[in-house]
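Read through the structure below, which is laid out as structure tokens, and then see the notes.
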Amino acid sequence: MELRSVWCVVMTCLFHTSCADKDFFTSIGQMTDLLYTEKDLVTSLKDYIRAEEGKLEQVKKWAESLDLLSATASQDPEGFLGHPVNAFKLMKRLNTEWGELESLVLKDVSDGFISNLTIQRQYFPSDDDQVGAAKALMRLQDTYRLDTNSISTGELPGTSREVILNRMTVEDCFELGKIAYSDADYYHTELWMEQALKQLDEGEQSTVDSVTILDYLSYSIYQQGELERALDYTKRLLKLDSSHQRANGNLKYFEYQLAKQQKAEAEEAPNDKAKREREKREASDKKGIPADYLPERRKYEQLCRGEGIKMTPRRQSRLFCRYSDNNGHPLYLLGPVKQEDEWDRPRIVRYHEFLSDSEIQKVKELAKPRLRRATISNPVTGVLETAHYRISKSAWLAAYEDPVVDKINQRIEDITGLNVKTAEELQVANYGVGGQYEPHFDFGRKDEPDAFKELGTGNRIATWLIYMSDVSSGGATVFTDVGAAVWPKKGTAVFWYNLFASGEGDYSTRHAACPVLVGNKWVSNKWIHERGQEFRRRCTLKESD
């Protein structure tokens, strides 16, 4: 209620009081009643003033904190948003917290600000953005085996303390737990509700209370089959709120189920007991692993962490760095290209200093206005569609659009010796929060005969992948079939053949883009097709070539 409105209420009350009985002056006793009435009104007025001052203080603190945050973030926006917690909190602020601020300020005279904010809110992130960023944090948590406290404090591998301005609050952790709960993901619900409870127990002030957190926590633990722990948390909840109806019901149910379980365990034979203990250990080891979790997924995540890379001394001895003139190419006789072998089979070669900083900047400038959610080709229908396992935005650049794009295409042709006239346009991609592309092939398999039919240029014979940024942590390109990992390095490009010289697909090229843990990953791809390579790559039926 606005100050003038309260004043009107105050004056109206006094007016009605004086009008109701004009003879107050004739009785001191009655006049004393007015004193008490006025005292009550003044108390109400002071409460209103304090409330307004409290609101202004909240708004002031909010503005000051965001002023500092914006000043720091604007110095290196991509570096700042490269930290997944910063990106998640940006989604949360714009989707939720600015709306709460709007509701708070609406109670005051701020028509200009509210009008502007209301107009701008139509461009703010949606619930889907906030949920997507939350799930990205949980995906990073699983892939890189991070504990909730490390994520909450922002102390992630590859992060400098200067970037950690956005520590997660109890509300943030609770929000992540609720999002997991809505997906029946009780494993992550437990992790994030426990983190929220921990921060609350450490004295952090919050609008979320322990009772609410314990309610979610006990149920999520029960859903994972841990009756004793679920019962302990339920008892803790009831100590705080003994009248909690659901908790009281759960208490009786959990106690009954636990007694039933203990009785069955006491009556079982020694062999059955050993089997049960073994099953319990196995269940504990699999905790948090989805039922559809494939062995390849485990290998993919290991490689993303830098584990399980099959770089043996023998393989290492076959990999070299060299200066190459590309078989006497005129452009590279005086300025040979720098080649580095990353892997032997499939042969993966990195080319250093392929793009300059100015060229990278130009490509990003051309691509940014056109970035759209990256799609995949449905193997059944052939239709392009978005997928949960490809988290990035991309744009396509044609050679005629800018001399830089044309130069890049020509440079690829000169280095590879392959015809790029029939290649796809240069695809530029920027990965989002926890951005990834799960294991896939670049070429069309036998069961996908129409994969590139519309292009009319045959299958993808080779891939040229350019790294246009360094990545502080994560973001590797991993080859799951052979156990190889290639790490982003700004300005370099990696190249491999997707098809054997016979035209058969090389299934060892199955690869993935690991989630970006910290940093901002920009890449560009050139997919080179079969048509036009007839006299550029020697034909053979030997797939070992």
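Residues Leu146 and Pro157 meet the side-chain proximity criterion, which asks for heavy atoms closer than 4.5 Å. Side-chain contact between Trp522 and Lys364: present, with at least one pair of heavy atoms (C-beta onward) separated by less than 4.5 Å. Inter-residue side-chain proximity for Ser473 and Leu156 is flagged as unmet; no heavy-atom pair is nearer than 4.5 Å. Contact check for Ile213 versus Leu200: side-chain heavy atoms found under the 4.5 Å cut-off. In this structure, the side chains of Lys393 and Tyr431 stay at 4.5 Å or more apart for every pair of heavy atoms. Looking only at side-chain heavy atoms (C-beta outward), Leu191 and Gln141 come within less than 4.5 Å of each other. Side chains of Met138 and Ile179 form a contact here, defined as non-hydrogen atoms less than 4.5 Å apart. Residues Leu197 and Met193 form no side-chain contact, since every pair of their non-hydrogen atoms from C-beta on lies 4.5 Å or further apart.
Residues Gln130 and Thr96 have side chains that bring a donor and an acceptor to within less than 3.5 angstrom of each other. Side-chain contact check for Asn95 and Asp129: no donor-acceptor pair (N or O, by modelled atom type) lies under 3.5 Å. A side-chain N or O of Thr212 and one of Asp209 form a donor-acceptor pair less than 3.5 Å apart. No side-chain donor-acceptor contact under 3.5 Å links Glu190 and Ser220. There is no side-chain donor-acceptor pair under 3.5 Å between Tyr222 and Glu226.
Judged by distance alone, with hydrogens and angles left aside, the side-chain atoms of Thr72 form a donor-acceptor pair with the main-chain N or O of Leu68 at under 3.5 Å. In this structure, the side chain of Thr143 does not engage the main chain of Leu140 through any donor-acceptor pair within 3.5 Å. Panel note: side chain Ser70, backbone Asp67; no donor-acceptor pair is recorded below 3.5 Å. At least one donor-acceptor pair closer than 3.5 Å links the side chain of Arg139 to the backbone N or O of Gly434. The backbone N or O of Trp396 sits less than 3.5 Å from a side-chain atom of Arg370, completing a donor-acceptor pair. Panel note: side chain Ser469, backbone Asn520; a donor-acceptor pair is recorded below 3.5 Å. Between the side chain of Gln427 and the backbone N or O of Ser394 there is no donor-acceptor pair closer than 3.5 Å. At distances below 3.5 Å, at least one donor-acceptor pair connects side-chain atoms of Glu448 with backbone N or O atoms of Arg445. Asp470 places a side-chain N or O within donor-acceptor distance of the main-chain N or O of Lys490, the cut-off being under 3.5 Å. Between the Asn430 side chain and the Lys521 main chain, a donor and an acceptor come within less than 3.5 Å of each other.
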Check against side-chain hydrogen bond (donor to acceptor under 3.5 Å, both in side chains), Tyr219 and Thr189 = CA-CA 10 Å; Tyr219 185 75; Thr189 303; over 6 Å; no
Which is it for Glu171 and Thr207 under the side-chain hydrogen bond (donor to acceptor under 3.5 Å, both in side chains) test, yes or no, and what are the steps along the way?
-> CA-CA 7 Å; Glu171 287 89 346; Thr207 56; 3.0 Å; yes
Give the intermediate values and the outcome of side-chain hydrogen bond (donor to acceptor under 3.5 Å, both in side chains) for residues Asp232 and Thr234.
-> CA-CA 5 Å; Asp232 288 341; Thr234 302; over 6 Å; no
Between Gln261 and Tyr256, does a side-chain hydrogen bond (donor to acceptor under 3.5 Å, both in side chains) hold up when you go through it step by step?
-> CA-CA 9 Å; Gln261 178 181 298; Tyr256 168 74; over 6 Å; no
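Interatomic distance, Leu237 CG to Leu217 CG, rounded to the nearest 0.5 Å: 9.5 Å. From Phe174, atom CZ reaches atom OH of Tyr181 across 10.5 Å, with rounding to the nearest 0.5 Å.
Ion pairing between a basic and an acidic side chain is recognised when a charged N comes within 4.0 Å of a carboxylate O; Lys198 and Glu194 show no such pairing. Using a cutoff of 4.0 Å between basic side-chain nitrogens and carboxylate oxygens, Glu64 and Lys61 are not scored as salt-bridged. The existence of a salt bridge linking Lys135 and Asp183 is confirmed by a sub-4.0 Å separation between a basic side-chain nitrogen and an acidic carboxylate oxygen. Between Asp201 and Arg236 there is a salt bridge, since at least one side-chain N of the basic residue sits less than 4.0 Å from a carboxylate O of the acidic one. For the pair Lys368 and Glu78, the salt-bridge criterion is met [side-chain N within less than 4.0 Å of a carboxylate O]. A salt bridge is defined here as a Lys NZ or Arg NE, NH1 or NH2 lying under 4.0 Å from an Asp or Glu carboxylate O, and Lys92 with Glu100 fails to meet this definition. Between Arg246 and Asp215, at least one side-chain N (NZ, or NE/NH1/NH2) sits under 4.0 Å from a carboxylate O, which counts as a salt bridge.
Heavy-atom minimum distance, Ala71 versus Ser74: O-OG, 3.1 Å. Between Ala247 and Leu238 the shortest heavy-atom distance is CB-CD2, 3.7 Å. Residues Val482 and Lys310 come closest through the heavy atom pair O-CD, 3.6 Å. Nearest heavy-atom pair, Val518 versus Val471, reported as atom, atom and distance to 0.1 Å: O-CG1, 3.5 Å. The two residues Val478 and Cys304 make their nearest non-hydrogen contact at CG1-N, 4.2 Å.
For the pair Arg510 and Phe441, the distance from NZ or CZ to the six-membered ring centre is under 6.0 Å and the angle to the ring normal is within 45 degrees.
The one candidate from Tyr437, Phe479, Tyr300 that meets the ring-ring contact (aromatic ring centres under 6.0 Å, His included) condition with His511 is Phe479. Screening Glu296, Lys299, Glu438 for a side chain to side chain donor-acceptor pair (under 3.5 Å) with Thr480, the sole residue that qualifies is Glu296.
No more than 12 heavy atoms of other residues, nucleotides or ligands shown are found within 6.0 angstrom of CD on Glu228.
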